[in-house]
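Report on the structure given below.
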Amino acid sequence: MRWTIAALPLLALAAPLPAAAGEHDTRGAVAALNDPLLQDRMADTVTALVRALMQLNVGPLAQAVAQIDPESDAAYIPPDATLGEVAGKDDPYYAERMGDDVRAGARMAGHAASALAAYAPVLKDMARDLAAQWERERDAARR
């Protein structure tokens, strides 16, 4: 779960690029990912979601599973157990650390997006050169 949530900023980076590549303008995505307020909002949202999920009472679900499969580990989960307790994440600062991870990931994604935007013209030229070389080699092989 931690790896998935921490990867959200990278997914946010990757999602707009195909559409932006067609428009030849990635400035909006780059600016959004480098915006400290947006980074904080993403981190705060994840913190709130993780905090809420970790407090979710999973005891009734465990009881239902135990009724279906009495030999399962669910039979040993107390009726008032939370997801945080069951997952071993009853640490009161877990959600905040997850938010910090998202914030750091968003910063990293912003830096990566800035670098990609800066190198995009060079990469585009390289791709054209490689395509032209490939066509020349293909034509030479057909002779």
Are V46 and L38 connected into the same hydrophobic cluster when the rule is that any two of I, L, V, M, F, W, Y join if their side-chain heavy atoms are below 4.5 Å apart? yes

Tell me the closest heavy-atom pair linking V86 and I77, and the distance in Å. CG2-CG2, 4.0 Å

For residues 109-120, dump all side-chain donor-acceptor pairs below 3.5 Å to protein atoms at least two apart in sequence or in another chain.
from : atom 1 : to   : atom 2 : distance (Å)
S114 : OG     : N34  : ND2    : 2.8
S114 : OG     : G110 : O      : 3.0

Name all residues meeting the salt bridge (charged side-chain N to carboxylate O under 4.0 Å, His left out) criterion together with D73; count only those two or more places apart in sequence or in a different chain, and write none if there are none. none

Of all heavy-atom pairs between R103 and D40, which one has the smallest distance, and what is that distance? NE-OD1, 2.7 Å

Residues 128-143, side-chain donor-acceptor partners within the protein, below 3.5 Å, at least two apart:
from : atom 1 : to   : atom 2 : distance (Å)
R128 : NH1    : D125 : OD1    : 3.2

Cut-off 3.5 Å, no hydrogens considered: what does the side-chain donor-acceptor table look like for residues 54-71, sequence neighbours left out?
from : atom 1 : to  : atom 2 : distance (Å)
N57  : OD1    : G59 : N      : 2.8
D69  : OD1    : E71 : N      : 3.3

Set of residues satisfying salt bridge (charged side-chain N to carboxylate O under 4.0 Å, His left out) with respect to R51, sequence neighbours excluded: E96

Go through the structure and list residues passing side chain to side chain contact (heavy atoms under 4.5 Å, CB included) with L49, not counting sequence neighbours. T45

Just verifying a value: how many Å separate L33 CG and Q39 CD, rounded to the nearest 0.5 Å? 8.0 Å

